[in-house]
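What follows is a short report on a single structure.
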Amino acid sequence: MYLYLNLPHWCTDMDKYDKVIDLCKRRGFFWPASEIYGGVAGFLDFGPLGTMLKRNIERRWRETFIHKNHGIVYEIETPVITPSKVFEASGHVENFTDVIVECTSCHKKFRADHIIIEQAGEVPGIEGKTAAQLDEIISTNHVVCTECGGALGKVSNFNLLFKTNIGPYSENVAYLRPEAAQGMFTNFKSIYTAMRERLPLGLAQIGKVARNEISPRQGPLRLREFTIMEVEFFFDPKNPTCTLLEQVYDKELRLLTEDLVAAEKTDPIEVTVREALSERLIKSDWLAYFMALSTDFISELGAPHNSQMFVGKLAKERAHYSAQTFDQLVKLDRWGWVEVSGHAYRTDYDLSRHQQYSGQDLGVFRKYDVPKKTRVLVAKPRVDLISREYQSETGKILAALKSIDAASLRSKLAAGNVVVDGSTIRPELVEFMEKEESVTGERFIPHVAEPSFGADRLTYLALECAYNEKGDRTILSLPRSIAPVKICVFPLVNKDGINEKAQAIFDAIRSDGFIADFDDGGSIGRRYARSDEIGAPIAITVDYQTMNDDTVTIRDRDNWAQSRISARDLRSYLKEYFCIR
RNA sequence: GCGGCCGUGGUCUAGUCCGGUCUAGGAUAAAAGCUUCCCAAGCUUUGGAUCCCGGGUUCGAAUCCCGGCGGCCGCACCA
């Protein structure tokens, strides 16, 4: 009856999230920031293993989205602190807010526009209303607290941007960026020029962003400061074909299309990229291409194919500049379907806004294959006759005539005299002729497809997917490509020169560039258990046989199988095992 | 932000109702050594908690009261 006393901690009633978080703290992956002062919600400190894991995920993302597409996609780096103007242009200062209204008696908070629609019905253009306008609507429609019927207070805006000042001048307002995207937009034109004016062009960034969330929960999944990995992919809307599509045509995507979402379905359909595009389920080739890369990338981190899907956002749910948005969701144990990336077709919204706010020309020139020749009607005033008749008025009359469209001027004069700027013009004072003009191209603002990932969420995702228990032991089956420690080296016993031999092999492995641990403490079983728990894919054990024939055992983390190989072949074995060329 | 539950070594937990016997017990993890021919074995030793923070009540507070912070859940909110 006392069977349950003195059970180790991992037998207690914890769900997978708790177990992963517990492991992260114990083994040094991550934990709440500023913990010695009580911690603060929405911030995370990464320890040695967590930092290595996160960097490996970032590196694999960089390889997948940037290096694989080198020549088209380039990584850049821009500051976190960004002048106010940038976010005024992007719309964040105005729109990255929630309109909140609080009940004066029970202090519940509501989103002001939602509670109005709920009680007063649809209000046209409610999204653009100011707080004062919403106050007005609340009082004229007698909108009250849904919970207790109490009176509502004043509507206020809560902006999710973190605010700061640049230098000692308080009027020099800046914000911490809430997305890295704006740095790509503000630099687009100069990079486009520097990279020899080629489209398509992708700009990518991996960096910190900050959002002052009202109430962050869910540990590493919702942070106030986190690492974002984004590509802003610029292309010509009149030439939207993805040149890399054949690489991914047959990849399967699990899609919950906008139609399915509207019909309140929850099971995605499975289609190839080819089908998704031919049936117009995805409206942009490039969006589809990045969605295919994302599926592979998330799979590589350990998420099974059938716990992933892309969910289409309905028109009313997505930002007004977006022609189409898919969220990529992965199913987690406690939290259910969680967004790990967003794929938005942002059109030309951002560049157009920055063009407007900065006064800089952010468009590019599209040359026609053959110059367009058009015949245009030109009005030619008879300057000699006009000047003789009107003398000093001539200049004014010529300017006035120039401002009138040639075709309409001709039809008016055909009907008789025309009064221009107070002067009467007789038909014979203007001649008309047709002229041929050649136009070599046109200017346009590129469109943008944006895949965007949260690195911290992905780190948690990889840990949760890797988390396994075998009997009373924990095994972190992290994919080889991202496991922080690749190899653990153990002497089976610490005598008869075995330790020294193991140390020599360990040194050789490290000098080949592998991150490896050496452990000679405690029993061999304990050391295997420790290396499993930090997710080292293989352990190399030096035993008595090594001393005779120079072979070592290689022990697999996931199935505990052992094989012997010659120490001489270790280097090439490891390079192949970890796919290092 | 609101409501509920909660906060004790790195981790999990006993003790909290009914204040003193708690200079806070256990397990596990960690470190040093012994042992050990392959999966958290065993033995010895060691370090580590002013009981989330602040205030109050009391002769005396981990324990009672108030405030704050943090966590989880629900509501609300949110890429």
Side-chain angles (χ1 to χ4, degrees), chain A residues 5-15 17-19 21-28 31-43 47 96-103 105-112 114-115 145-148 156 158 160 178-179 209 211-219 221-224 226 228 230 313 317-319 325 327-328 334 338-342 344 452-454 457 470-475 490-496 498 520-533 539 541-547 553 555 557 560-562:
Chain A
L5 291 179
N6 301 334
L7 282 174
H9 66 274
W10 31 258
C11 283
T12 53
D13 181 29
M14 299 197 290
D15 68 11
Y17 174 80
D18 286 330
K19 289 172 175 177
I21 294 297
D22 176 64
L23 176 67
C24 285
K25 182 72 204 294
R26 283 189 294 111
R27 290 302 185 194
W31 50 84
S34 304
E35 213 183 12
I36 62 168
Y37 291 104
V40 51
F43 298 91
F96 201 54
T97 59
D98 301 328
V99 271
I100 293 180
V101 64
E102 183 172 352
C103 170
S105 67
C106 76
H107 300 290
K108 278 214 179 290
K109 289 204 174 186
F110 303 92
R111 218 170 110 176
H114 286 185
I115 199 169
C145 174
T146 326
E147 288 295 308
C148 73
S156 61
F158 181 78
L160 271 60
E179 57 173 8
V209 298
R211 301 176 180 182
N212 200 3
E213 299 282 351
I214 295 168
S215 167
R217 299 275 172 84
Q218 309 175 330
L221 300 184
R222 167 150 314 156
L223 296 170
R224 288 186 166 120
F226 60 98
I228 210 165
E230 309 188 286
K313 305 299 276 184
E317 294 174 330
R318 56 180 190 248
T325 299
D327 283 349
Q328 186 179 24
R334 182 194 284 191
V338 167
E339 183 199 339
V340 294
S341 76
S452 171
F453 293 76
R457 279 187 182 188
K470 188 165 184 170
D472 54 8
R473 288 181 26 182
T474 300
I475 299 173
F490 307 138
L492 185 61
V493 293
N494 291 311
K495 55 184 180 184
D496 304 323
I498 288 179
D520 61 1
S523 70
I524 188 70
R526 183 179 216 81
R527 286 177 268 156
Y528 284 142
R530 278 196 282 248
S531 74
D532 288 346
E533 205 175 47
T541 305
V542 173
D543 56 20
Y544 280 97
Q545 195 179 327
T546 312
M547 308 308 276
T553 64
R555 180 252 191 201
R557 171 194 65 200
W560 297 6
Q562 295 196 9

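Any value given below was found using the heavy atoms of this structure, including those in side chains, with hydrogens, waters and symmetry copies removed. Bear in mind the structure is a predicted one, so any value in this text is a computation, not a measurement. Residue numbering restarts at 1 for every chain, and letters A, B, ... go by the order of the sequence lines.
Looking at RNA chain B, the stems built from 3 or more consecutive Watson-Crick or G-U wobble pairs, each pair with its key distances under 3.5 Å, are B:1-7 with B:69-75, B:10-13 with B:25-28, B:30-34 with B:42-46, B:52-56 with B:64-68.
For the pair A/V40 and A/D543, both in contact range of RNA chain B, the more 5′-proximal nearest nucleotide belongs to A/D543. When each of A/W560 and A/P32 is assigned the nucleotide of RNA chain B bearing its nearest heavy atom, the one mapping closer to the 5' terminus is A/W560.
As a whole-Å value, the separation of A/F490 CZ from B/rC39 P is 13 Å. As rounded to whole Å, 20 Å separates atom C1' of B/rG7 from atom CH2 of A/W31. Atom CD in A/E230 sits about 15 Å away from atom P in B/rA79, given to the nearest Å. For A/D520 and B/rU36, the CG to C1' distance is 13 Å, given to the nearest whole Å. Taking atom CD1 on A/I524 and atom P on B/rC37, their separation rounds to 12 Å, with Å as the unit. We find that CD of A/E35 is positioned 11 Å from C1' of B/rG71, with the value rounded to whole Å. As a whole-Å value, the separation of A/L23 CG from B/rA30 P is 13 Å. Atom CG in A/N212 sits roughly 15 Å away from atom C1' in B/rA79 (whole-Å rounding).
Residue A/Q218 is in sugar-phosphate contact alone, with no base atom involved, counting any heavy-atom pair closer than 4.0 Å across all strands shown. Here A/R334 lies in heavy-atom contact (under 4.0 Å) with sugar-phosphate atoms only. Using a 4.0 Å heavy-atom cutoff across all strands shown, A/D532 reaches no nucleic acid atom at all. Contact annotation for A/Q562: base contact, defined as any heavy-atom pair under 4.0 Å involving a base atom. Residue-level contact check: A/G521 touches neither bases nor backbone, having no heavy atom under 4.0 Å from any strand. Contacts of A/K313 with the nucleic acid, taken as non-hydrogen atoms under 4.0 Å apart, include base atoms. Among the atoms of the strands shown, base atoms are found under 4.0 Å from some heavy atom of A/L492. Contacts of A/S452 with the nucleic acid, taken as non-hydrogen atoms under 4.0 Å apart, are absent. Residue contacts for A/R211: at a heavy-atom cut-off of 4.0 Å it reaches the sugar-phosphate backbone alone, with no base atom in range.
For the C1' atom pair drawn from B/rA24 and B/rU50, the interatomic distance equals 11 Å after rounding to whole Å. The separation of B/rA27 from B/rU8, taken at their C1' atoms, amounts to 14 Å, rounded to a whole angstrom. Nucleotides B/rG54 and B/rG74 place their C1' atoms 29 Å apart, quoted to the nearest Å. Taking atom C1' in both B/rG56 and B/rA32, the straight-line distance is 46 Å, to the nearest Å. For the P atoms, the distance linking B/rA41 with B/rG25 amounts to 25 Å, nearest Å. On the P atoms, B/rA79 is 49 Å away from B/rG48, given to the nearest whole Å. Straight-line distance between the C1' atoms of B/rU57 and B/rU13: roughly 30 Å, to the nearest whole Å. Distance noted for atom P between B/rC66 and B/rC6: 14 Å (whole Å).
In this model, the phosphate group of B/rA30 is approached by a side-chain N or O of A/R526 to a distance below 4.0 Å at OP1 or OP2. The shortest distance between the side-chain N/O atoms of A/K495 and the OP1/OP2 oxygens of B/rC37 is below 4.0 Å. Taking side-chain N and O atoms only, A/K25 has no distance below 4.0 Å to OP1 or OP2 of B/rG10. For B/rU28, neither phosphate oxygen OP1 nor OP2 lies less than 4.0 angstrom from any side-chain nitrogen or oxygen of A/R26. An OP1 or OP2 oxygen of B/rA41 is reached within less than 4.0 angstrom by a side-chain nitrogen or oxygen of A/S523.
For B/rA40, its base never sits under 3.5 Å from the side chain of A/D472 at any donor and acceptor pair. A donor N or O paired with an acceptor N or O is found under 3.5 Å between the base of B/rA40 and the side-chain atoms of A/E533. At a cut-off of 3.5 angstrom, the base of B/rC38 holds no donor-acceptor pair with the side chain of A/R527.
Scored by the side-chain contact (heavy atoms from CB on, under 4.5 Å) test, A/I524 finds A/F490, A/L492, A/R527, A/Y528, A/T541 as partners (sequence neighbours excluded). Residues satisfying the ring pair (Phe, Tyr, Trp, His ring centres under 6.0 Å) test with A/F226, not counting sequence neighbours, are none.
Listed nucleotides B/rG71, B/rC38, B/rA30 differ in distance to A/R530; the shortest reach to its side chain belongs to B/rA30. Listed candidates were B/rA40, B/rC72, B/rC38. Nearest to the side chain of A/R27 is B/rA40. Counting only heavy atoms from C-beta on, A/V493 has its side chain closest to B/rC37 among B/rC38, B/rA40, B/rC37.
At a threshold of 4.5 Å between non-hydrogen side-chain atoms, the residues A/M547 and A/D496 do not count as touching.
In this structure, CZ on A/R27 lies 13.5 Å from NZ on A/K25, to the nearest 0.5 angstrom. Atom CZ of A/R211 sits about 7.0 Å away from atom CD of A/E179, to the nearest 0.5 Å. Summarising the geometry, atom CD belonging to A/E533 is positioned 13.0 Å from atom CZ belonging to A/R557; distances are rounded to the nearest 0.5 Å. For the atom pair CH2 (A/W31) and CZ (A/R26), the distance works out to 13.5 Å, reported to the nearest 0.5 Å. Atom CZ of A/R457 and atom CD1 of A/I228 lie 10.0 Å apart (nearest 0.5 Å).
Listed for the A/N494 side chain is a donor-acceptor partner under 3.5 Å among the backbone atoms of A/D520.
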*Test side-chain contact (heavy atoms from CB on, under 4.5 Å) on A/D543 and A/T553 and set out the steps.*
CA-CA 8 Å; A/D543 56 20; A/T553 64; 4.0 Å; yes

*Apply side-chain contact (heavy atoms from CB on, under 4.5 Å) to the pair A/R334 and A/Q218, showing each step before the final yes or no.*
CA-CA 10 Å; A/R334 182 194 284 191; A/Q218 309 175 330; over 6 Å; no

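With its ring centre under 5.5 Å from that of the base six-membered ring and a plane angle below 30°, A/Y544 counts as stacked on B/rC37.
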